[in-house]
There are 2 protein chains.
Amino acid sequence: MKPTIYDVAEKAGVSISTVSRVINNTGRISEKTKKKVLQVMESLRYQPSVVASALTGKRTRTIGLIIPDVANPFFAEIARRIEDRGRELGFNLLMCNTDNNQHTEEMALSLLKQKSVDGIIIGTTTKNYTLLNELLQEQFPVALIAQDIPELVIDVVTVDDFLGGYQATSHLVSLGHTKIAFLMGNSGRTSDKYRLQAYRQVLEENRLPFDERLVVETDYSMEAGKRAALEILASPQRPTAIFAGFDLIAIGVYQAAKELGLRIPDDLSVVGFDNTILATIVDPPLTTIAQPIDEMGRQVMDLLVREIEGSKSTKQRVILPPELIIRNSTKEIAGA
Amino acid sequence: MKPTIYDVAEKAGVSISTVSRVINNTGRISEKTKKKVLQVMESLRYQPSVVASALTGKRTRTIGLIIPDVANPFFAEIARRIEDRGRELGFNLLMCNTDNNQHTEEMALSLLKQKSVDGIIIGTTTKNYTLLNELLQEQFPVALIAQDIPELVIDVVTVDDFLGGYQATSHLVSLGHTKIAFLMGNSGRTSDKYRLQAYRQVLEENRLPFDERLVVETDYSMEAGKRAALEILASPQRPTAIFAGFDLIAIGVYQAAKELGLRIPDDLSVVGFDNTILATIVDPPLTTIAQPIDEMGRQVMDLLVREIEGSKSTKQRVILPPELIIRNSTKEIAGA
DNA sequence: GGTTTTTGTGTAAGCGCTTTACGTTTGGGA
DNA sequence: TCCCAAACGTAAAGCGCTTACACAAAAACC
């Protein structure tokens, strides 16, 4: 049987509260007893039960992470960074994938609470503000990553989507493109909205016409990206450049282009968003907007932990700058 | 304050044991009281505390997952499948990334036990058999995924690495290649060993010479793969084909080839292993050995859960067949 | 109608730990 | 030598839940 604090106490010839004190390093204890107890703990290979101590009001040192899909490289990288920072801070990660499914998300949230996680990081497109609001109401530590809900007072860490969209579109425009398509996600993320705004603004600033047929909503997958690209590239208003809302979608565009015999970047310029590993391995390497994933993961975790430890009273939004990474998928428009 | 079982009991005018009974659906309860209690739970938005119930000997319905790195697409996909199956079965995943670092792994194991997970799935190359043996000794549910430790009686789910290596090498040989390099992982995974054995056996069966300078060990990263490939492709015994132990390494080979001006598959054939998303997006699409990731994830979870629920007494190894996916990175040797 | 069963519910003892409120020891100053 | 703070330990309550065990009340039996 697993040794308990009683076993340690008995073997060390002290009371359990004394053992508890050395475990938590609280109260006064003589060096001698402390040493003795430590020694016994070692010899018994004693490990305090987090479950029991959580029951007495202490933290579980576990935080919940809700994301759409770890198999999506962007979220995998995010998850990794969060876990890393969590480990440094002494927290573990309970991971839930929801595929942005409302019901799965509600289940996840409920489960995480039952399991007494100390806080929750959400990376999915929650539509259920009610549930979120409830959490906030009861002061439960929550933070949003890579997503914002402007209507709520909540801790958020995102990239500056407007700026990213601006950089991407500007880059394309500066290369002489005038017919630029924008493939955006369809799940109502604010990020998509901001990027779209930027896209429109750049067009406007450059006195380029906005053609709504050139912006299409798609799923967050390669296949969906491919389908959307195929369609738009076959249409009469075929664009010479495509701004894809995510690297994954950009890859779909690559496939569509290949199928249609279009060369990138000669016949079609493509810029992505995220700068996941995918962007570096496709051919040609993808010009994309880099999200500071490392920084983002680190900062949400920090934000959340400060909230958990109560060393912070006001919520905050952390908006990090994106960076345009020019690789070889974009080029001056032919004949320009 | 969060409602407890007492609150429910009081409001429903029954004792807490009655409430507990309806929660767990145990013992006898009249339909009437049951309904009443359920109703009160609903109205109070009561959720039983997993922590408290775990303390009384029930499960936490949480399982630990130890992998090298979720940011590695292979493990991300594995993690995703495991989580999916876990959700179906009512288990959550506590995820730990170790980068195959011995110390991190030990910490993770220790933490997971402190947190009373019901079982642990390990996907890292554990060298610490002692620790593992301890777990097994105390009948703690553990299962290995995508990795085997032949010396231990333990639940394992892997792909048939020997067969995979055999398929890969045979494919290359059947295309006329005689100078085939093998880039394998360097962390002592048994999978690498089996693949190497298969590689040698195929060469032997085909009366091809085995040149040990053509097998090189490398890290599990693109960069490492690239470095290794660069080196081997510059050597006097330049191979005409490379069997890369992982898709990630294969991508490194692509990059090396590009840098050297070698065309794939014309000047160099490449086959990978894993069939992650990466294999489909590189150009040319990578011929690779597919691991049945879905099936693997599902099966470890099943195995582990059966162990947890005690409905299974003997350990077992589940060896799933790989599949050679021929795409465009391999070709008959020039002039053959 | 009385005696068994059966059924429904309550009581109370923990699970392993933290923590508060008290006892005991020391030992230094007067 | 005596007194009073430290300094150190201990006992006990309680966290929210499960689970024997006990015990009425209701149903079943002859």
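Proteins get letters first, then strands, A, B, ... in listed order; numbering begins at 1 in each.
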### Query
Could you give the angle between the helix axes at the two ends of the helix from dG1(C)-dC30(D) to dA30(C)-dT1(D), with five pairs per end, rounded to 10 degrees?
50°

## Note on the structure
Here the gap from Arg317(A) atom CZ to Ile154(A) atom CD1, rounded to the nearest 0.5 Å, amounts to 8.0 Å

### Query
To the nearest 0.5 Å, what is the distance between CD (Gln114(A)) and OG1 (Thr60(B))?
12.5 Å

Take atom [atom1] of [X] and atom [atom2] of [N], then tell me their distance rounded to the nearest Å.
{"X": "Lys115(A)", "N": "dC17(D)", "atom1": "NZ", "atom2": "C1'", "value": "16 Å"}
{"X": "Lys58(B)", "N": "dG16(D)", "atom1": "NZ", "atom2": "P", "value": "18 Å"}
{"X": "Lys32(A)", "N": "dA7(D)", "atom1": "NZ", "atom2": "P", "value": "17 Å"}
{"X": "Lys2(B)", "N": "dC15(D)", "atom1": "NZ", "atom2": "P", "value": "15 Å"}
{"X": "Gln114(B)", "N": "dG16(C)", "atom1": "CD", "atom2": "P", "value": "15 Å"}
{"X": "Ile5(A)", "N": "dC17(C)", "atom1": "CD1", "atom2": "C1'", "value": "6 Å"}
{"X": "Asp7(A)", "N": "dC15(C)", "atom1": "CG", "atom2": "P", "value": "11 Å"}

Salt bridge flag under 4.0 Å for residues [X] and [Y]:
{"X": "Glu295(B)", "Y": "Arg298(B)", "value": "no"}
{"X": "Lys113(A)", "Y": "Glu138(A)", "value": "yes"}
{"X": "Arg80(B)", "Y": "Glu77(B)", "value": "no"}
{"X": "Arg81(A)", "Y": "Asp84(A)", "value": "yes"}

### Summary
The single option from Asp99(B), Asn186(B), Asp69(B) that satisfies side chain to side chain contact (heavy atoms under 4.5 Å, CB included) with Tyr220(B) is Asn186(B)

### Message
Using the rule side chain to side chain contact (heavy atoms under 4.5 Å, CB included), only one of Asp148(A), Val156(A), Ile149(A) pairs with Leu152(A); which is it?
### Response
Ile149(A)

### Task
Name the closest nucleotide to the Ser20(A) side chain, picking from dC17(C), dT19(C), dT18(D).
dT19(C)

### Query
Side-chain donor or acceptor of Tyr6(A) under 3.5 Å from a matching atom on the base of dC15(C)?
no

### Of residues 40-51 of chain B, the positions that come close to DNA chain D - non-hydrogen atoms, cut-off under 4.0 Å
Tyr46(B), Pro48(B), Ser49(B)

### Message
Checking side-chain polar atoms at under 3.5 Å, does Lys115(A) have a donor or acceptor matched by the opposite partner on Thr62(B)?
### Response
yes

### Task
Select base, sugar-phosphate, or nothing to describe what Ser53(B) touches, counting heavy atoms under 4.0 Å on all strands.
sugar-phosphate

### Task
Please report the C-alpha distance between Asn128(A) and Glu105(A) in whole Å, then the side-chain angles of each, then the deciding distance to 0.1 Å, and finally whether the side-chain hydrogen bond (donor to acceptor under 3.5 Å, both in side chains) criterion is met.
CA-CA 9 Å; Asn128(A) 197 332; Glu105(A) 182 165 317; over 6 Å; no

### Query
Gln147(B) and Ile122(B): which non-hydrogen atoms are nearest, and at how many Å?
NE2-O, 4.1 Å

Using a cut-off of under 3.5 Å, enumerate the N/O to N/O pairs linking the protein to nucleotides 8-11 of chain C.
residue: dT9(C); atom: OP1; partner: Ser30(B); partner atom: OG; Å: 3.3
residue: dT9(C); atom: OP1; partner: Thr33(B); partner atom: OG1; Å: 3.0
residue: dT9(C); atom: OP2; partner: Ser30(B); partner atom: N; Å: 3.0
residue: dT9(C); atom: OP2; partner: Ser30(B); partner atom: OG; Å: 3.2
residue: dT9(C); atom: OP2; partner: Thr33(B); partner atom: OG1; Å: 2.6
residue: dG10(C); atom: OP2; partner: Ser15(B); partner atom: N; Å: 2.8
residue: dG10(C); atom: OP2; partner: Ser15(B); partner atom: OG; Å: 3.1
residue: dG10(C); atom: OP2; partner: Thr18(B); partner atom: OG1; Å: 2.6
residue: dG10(C); atom: N7; partner: Ser17(B); partner atom: OG; Å: 3.2
residue: dG10(C); atom: O6; partner: Arg21(B); partner atom: NH2; Å: 2.4
residue: dT11(C); atom: O4; partner: Ser17(B); partner atom: OG; Å: 3.2

